[in-house]
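To start, the structure itself, in structure tokens.
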Amino acid sequence: MAKVLVSDPIDQVGIDILSQVAQVDVKTGLPQEELVKIIPDYDALMLRSGTRVTKEIIEAGTQLKIIGRAGVGVDNIDVPSATRQGIVVVNSPEGNTIAAAEHAVAMMLALSRHIPDANQSICQKQWDRKRFVGTEVYKKTLGVVGLGKIGSHVATVAKAMGMKLLAYDPFISKERADQLGCTLVDLNILFSESDYVTLHVPKTPETTHLINRETIAKMKPTIRIINCSRGGIIDEDALAEALQEGKIGGAALDVFEQEPLGESKLRGLNNVILTPHLGASTEEAQVNVAIDVAEQIRDVLLGLPARSAVNIPGLTPDVMERLRPYLQLAETLGNLVGQLSGGRIDLLNVSLQGELASNDSQPIVVAAIKGLLSQALRERVNYVNAAIEAKERGIRVVETRDSQMSDYSGSLHLEARGSMGQHSVTGVLLTTGEIRITDLDGFPINVPPSNHMLFTLHRDMPGIIGKIGSLLGSFNVNIASMQVGRKIVRGDAVMAVSLDDPLPEGLLSEITKVSGIRDAYAVKLLVNPSK
């Protein structure tokens with residue numbers, strides 16, 4: 001009989017489901033060394049946020065078939081190590097959607113009506129109604145930053161309450177926003193025109209300190225800010241300063257840069273509400289995530305596919321082994337063309353060429369979509385939900401096959417249309433298994449993808465390469481390789497530069513100022529997930 005280890009507290013309903021097919025051992029709070037020692041005996045591991053599943057634990061789990069995280073994030077699991085070991089990693093991406101959305105709405109209403117302070121006042125035997133005159137949300141403007149599942153539900157509820165909705169999400173189509181009753185605007189307009197702002201984005205380099213002194217300066221002095229997404233989206237020192245000086249009307253935070261919240265300037269302010277990361281803390285959410293993940297573990301132990309795997313679900317080992325290199329090719333090219341075309345993609349063409357056209361196309365197409373959406377959704381997009389996420393964002397996916405068309409034995413061609421224009425990339429797998437980018441926007445090149453890359457469209461003229469090299473050197477950016485692709489001499493050309501370092505802030509703007517440069521793109525690719 002299979003054995004399942006539950007290493008964090010979960011609802012009993014989850015244990016009951018697992019007990020249908022396995023012996024379940026609940027051992028919580030184990031130190032890492034103890035987990036490494038006992039994990040070889042188990043076929044599955046179920047956890048929440050308390051357990052860190054490291055490479056050492058995964059490599060010791062020689063019998064592990066699946067790791068299940070009863071929650072949304074999987075940042076406490078070494079997913080690349082699990083994938084290399086052939087272990088499916090699953091989560092519950094929608095189990096706490098309603099709970100998190102309702103908490104954001106509750107925070108907005110509590111902030112508007114001074115509920116925590118009024119409660120505290122009456123508990124102290126006071127009766128000061130004038131002090132707690134509130135504000136109605138009806139006909140006010142709510143700015144929703146991030147229209148994923150949680151942000152979309154908040155928008156739906158807010159619309160029902162009669163609020164006007166502005167939204168910023170570079171990865172959502174206008175059609176999808178219209179369905180939700182939202183007007184898509186840029187961040188500057190959203191910040192300047194909103195009476196309330198609610199944040200529903202993952203923490204990434206682009207969203208870290210999205211709310212800061214500069215953005216706060218663009219807001220109304222009466223604005224109220226709600227963050228129930230991730231800590232670090234708000235510069236908490238800047239927020240505290242703005243609250244103290246009356247530059248904004250109030251704030252409600254459920255998440256913080258450091259948790260548990262230690263010493264903070266936010267404590268004690270009378271225009272702020274603080275809760276200890278309660279977004280997913282409802283009885284229903286705890287039950288939902290336990291059921292969702294327990295059912296997936298049960299299914300995998302019975303030889304069935306998981307529905308919310310975050311690495312490579314639903315493929316038999318032999319098919320996965322055969323397609324693995326092509327999946328990496330598709331995901332890399334999808335990531336690249338997505339960054340070149342801009343966040344708001346509305347069309348993706350996937351063309352399997354040459355011998356590749358004879359392969360099972362569905363996993364390859366899904367891998368391309370996953371790569372395309374990975375900039376926006378990070379770990380929230382996987383091989384199961386990629387097609388659904390694309391559809392919800394209004395992205396039309398067109399698949400074609402051409403067994404005759406390819407300069408190589410087999411190649412993959414992607415073309416995307418987005419907010420930064422239409423771009424195409426072609427790539428192949430060498431016999432060594434290495435990926436090569438062989439075409440960019442119709443220009444022939446032959447370069448391996450790297451973690452940091454610079455692409456330019458420029459006039460083929462003397463001095464361009466030297467100017468770019470000198471400019472990169474002046475910013476202490478080291479060039480690993482450089483290649484130019486052109487069709488005719490002295491016509492248009494592309495340059496592909498592999499870099500050892502990311503481009504510093506402001507350098508891309510300087511590159512576009514170089515005479516002869518028409519466009520320049522800085523691209524980050526996850527070429528070596530294990531690193």
Side-chain angles (χ1 to χ4, degrees), residues 103-124 126-146 154 158 161-168 185-201 207-258 261-278:
H103 193 66
V105 174
M107 294 281 265
M108 178 175 67
L109 295 174
L111 192 62
S112 298
R113 302 304 296 268
H114 310 292
I115 290 174
D117 286 344
N119 174 71
Q120 183 67 22
S121 171
I122 204 166
C123 288
Q124 294 173 351
Q126 299 174 6
W127 192 267
D128 190 354
R129 297 174 63 193
K130 292 183 180 179
R131 179 182 163 196
F132 301 116
V133 174
T135 301
E136 294 179 4
V137 300
Y138 181 62
K139 291 189 177 181
K140 298 298 192 303
T141 298
L142 173 65
V144 184
V145 182
V154 170
M161 292 193 297
M163 300 188 79
K164 176 184 176 183
L165 300 175
L166 300 179
Y168 172 79
V185 295
D186 65 34
L187 274 177
N188 288 333
I189 293 176
L190 185 144
F191 287 146
S192 64
E193 295 187 6
S194 295
D195 300 299
Y196 297 82
V197 168
T198 180
L199 304 173
H200 301 285
V201 293
T207 62
T208 297
H209 286 188
L210 186 67
I211 304 293
N212 53 51
R213 286 180 177 84
E214 181 180 346
T215 52
I216 287 173
K218 301 173 182 177
M219 300 177 181
K220 298 178 181 179
T222 55
I223 197 169
R224 293 170 172 87
I225 300 170
I226 299 97
N227 186 18
C228 295
S229 58
R230 288 288 184 267
I233 308 299
I234 296 177
D235 181 339
E236 292 172 10
D237 287 339
L239 179 66
E241 178 184 294
L243 289 165
Q244 289 169 338
E245 297 177 2
K247 294 180 179 178
I248 61 175
L253 278 64
D254 184 51
V255 289
F256 307 91
E257 293 192 68
Q258 297 296 327
L261 182 65
E263 292 298 320
S264 173
K265 297 177 182 178
L266 294 169
R267 292 182 183 273
L269 298 178
N270 60 11
N271 51 352
V272 66
I273 298 174
L274 310 176
T275 55
H277 205 146
L278 299 179

Do [X] and [Y] make a side-chain contact, defined as non-hydrogen atoms from C-beta onward lying under 4.5 Å apart?
X      : Y      : value
Leu266 : Leu274 : yes
Leu253 : Leu239 : yes
Met161 : Val105 : yes
Met108 : Thr198 : no
Phe191 : Ile223 : no
Val154 : Ile226 : no

From Val145, Ile225, Asp235, residue fulfilling side-chain contact (heavy atoms from CB on, under 4.5 Å) relative to Ile211: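 Going through the options one by one, the only one that passes is Ile225.
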His200: which of Asn227, Val144, Ile233 passes side-chain contact (heavy atoms from CB on, under 4.5 Å): Val144
Glu236 side chain vs Glu257 backbone, donor-acceptor pair below 3.5 Å: yes
Polar side-chain atom of Thr141 near backbone of Leu166 as donor-acceptor pair, under 3.5 Å: no
Nearest 0.5 Å, please: how far is [atom2] in [Y] from [atom1] in [X]?
X      : Y      : atom1 : atom2 : result
Arg129 : Ile122 : CZ    : CD1   : 10.5 Å
Glu214 : Asn188 : CD    : CG    : 8.0 Å
Thr275 : Met107 : OG1   : CE    : 3.5 Å
Ile234 : Arg230 : CD1   : CZ    : 14.0 Å
Met219 : Lys247 : CE    : NZ    : 12.5 Å
Leu261 : Arg267 : CG    : CZ    : 4.5 Å

Under 3.5 Å side-chain donor-acceptor pair for Ser121 and His114: no
I need the minimum non-hydrogen distance between [X] and [Y], along with the two atoms involved.
X      : Y      : result
Ile216 : Ala242 : CG2-CB, 3.8 Å
Tyr168 : Val185 : CD1-O, 3.4 Å
Tyr196 : Glu136 : OH-O, 4.3 Å
Leu142 : Ala158 : CD2-CB, 3.5 Å
Ala110 : Pro116 : O-CD, 3.8 Å
Ala104 : Cys228 : CA-SG, 3.7 Å

Residue that, paired with Asp195, satisfies side chain to side chain donor-acceptor pair (under 3.5 Å) out of Lys164, Lys220, Lys140: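 Answer after filtering Lys164, Lys220, Lys140: Lys220.
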